[in-house]
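These values consider heavy atoms only, across backbone and side chains, with no hydrogens, waters or symmetry-generated copies.
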Amino acid sequence: MSEITYVRGDATVPSVKGAKVIAHVCNDLGGWGKGFVLALSRRWPEPEAAYRAWHRDRAKNDFGLGAVRLVKVAPDVWVANMIGQRGIRTGRSSGVPVRYEAIGTALGRLADEVIELGASVHMPRIGCGLAGGKWSRIEPLITERLVSRGIAVTVYDHGEGGG
């Protein structure tokens with residue numbers, strides 16, 4: 001079985017041929033404005049616009065923990081908005097916003113879409129930045145839901161060494 005490939009670089013610029021899906025974790029509050037989403041928004045307006053519309057119409061759609069939506073941003077590039085975070089971290093909040101079960105569910109749904117597209121998956125260390133998650137809990141979810149199904153996954157670390 002293949003493994004996750006780790007590289008230094010920018011997850012918004014995957015340097016492989018073929019169809020690519022850039023996956024990241026969103027919160028369930030409709031908030032978009034900190035962390036990896038800023039890098040996405042600098043490159044493409046569509047992921048943020050799609051996320052905000054999805055949240056705005058949530059009474060009539062599947063928006064919620066574990067949901068995933070793919071947004072096409074280039075002929076062979078999609079961004080996967082995955083809802084894997086309950087709320088956001090505030091100054092005095094107890095606990096972390098990451099929801100491992102929701103990330104696992106979203107990754108499983110993502111796998112089905114990625115297989116249909118014949119794509120590879122690219123991501124930062126999802127759920128570990130503002131969501132406050134531990135990579136030691138998220139990496140096995142990626143291996144189980146994506147890699148075990150034959151999907152090539154590349155995880156990008158920025159030069160500072162963080163995810």
Of all heavy-atom pairs linking I126 and I138, the shortest is O-CD1, 2.9 Å

What is the minimum heavy-atom distance between A131 and P97, and which atoms define it? O-CD, 3.1 Å

Would you give the length of the straight line joining atom CD of E101 to atom CG of L141, rounded to the nearest 0.5 angstrom? 10.0 Å

Considering all heavy atoms of both residues, which atom of V16 and which atom of S120 are nearest to each other, and what is their separation? CG2-OG, 3.7 Å

Heavy-atom distance under 4.5 Å between the side chains of L70 and L117, does that happen here? yes

Cluster link W78 to F63, ILVMFWY, side chain under 4.5 Å: no

Donor-acceptor pair, distance only, cut-off 3.5 Å: does the side chain of Y51 make one with the backbone of G30? yes

CD1 of I142 to CE of M123, rounded to nearest 0.5 Å, is 4.5 Å

If you take all heavy atoms of A23 and P124, which pair is closest and at what distance? O-CD, 3.6 Å

Assigning hydrophobic clusters by single linkage (Ile, Leu, Val, Met, Phe, Trp, Tyr; side-chain heavy-atom cutoff under 4.5 Å), is V98 placed with L107? yes

Kindly indicate, with the supporting measurements, whether the criterion side-chain contact (heavy atoms from CB on, under 4.5 Å) is fulfilled by R149 and R145. CA-CA 7 Å; R149 293 183 67 187; R145 305 290 161 89; over 6 Å; no

Taking the six-membered ring for Trp, are F36 and H24 parallel (under 30°), tilted (30 to 60°) or perpendicular (over 60°)? tilted

Would you call R69 and D62 a salt bridge, using N to O less than 4.0 angstrom? yes

Shortest non-hydrogen contact between W135 and P140, atoms and distance: O-CD, 4.1 Å

Treating K34 as the side-chain partner and W32 as the backbone partner, does any N or O pair qualify as donor plus acceptor under 3.5 Å? no

When you check the gap from the basic side-chain N to the acidic O, do D76 and K17 get nearer than 4.0 Å? no

If two hydrophobic side chains count as joined below 4.5 Å and joins carry through other members, does V77 share a cluster with V114? no

E113 bridged to R109 by N-O distance under 4.0 Å: no

D28 side chain to I83 backbone, donor-acceptor under 3.5 Å: no

State, to 0.1 Å, how close G132 and V96 come at their nearest heavy-atom pair, and which atoms those are. O-CG1, 3.7 Å

Under a single-linkage definition using a 4.5 Å side-chain heavy-atom cutoff for Ile, Leu, Val, Met, Phe, Trp and Tyr, are I103 and L146 assigned to the same hydrophobic cluster? yes

Value rounded to 0.5 Å, distance of OG1 in T143 from CD1 in I151: 11.5 Å

When you measure from the side chain of H122 to the backbone N and O of T12, does any donor-acceptor pair fall under 3.5 Å? no

So, does E116 use its side chain to make a donor-acceptor pair with the main chain of G118 at under 3.5 Å? no

Any side-chain heavy atom of W44 within less than 4.5 Å of one from V71? no

Tell me if the CZ atom of R137 is crowded by more than 12 foreign heavy atoms within 6.0 Å. no

Using modelled atom types and a 3.5 Å cut-off, is there a donor and acceptor pairing between side-chain atoms of D157 and backbone atoms of Y6? no

Does L38 belong to the same Ile/Leu/Val/Met/Phe/Trp/Tyr cluster as V79, with side-chain heavy atoms less than 4.5 Å apart forming each link? no

No-hydrogen, no-angle side-chain donor-acceptor test under 3.5 Å, H158 and D10: no

Here the gap from R99 atom CZ to N27 atom CG, rounded to the nearest 0.5 Å, amounts to 11.5 Å

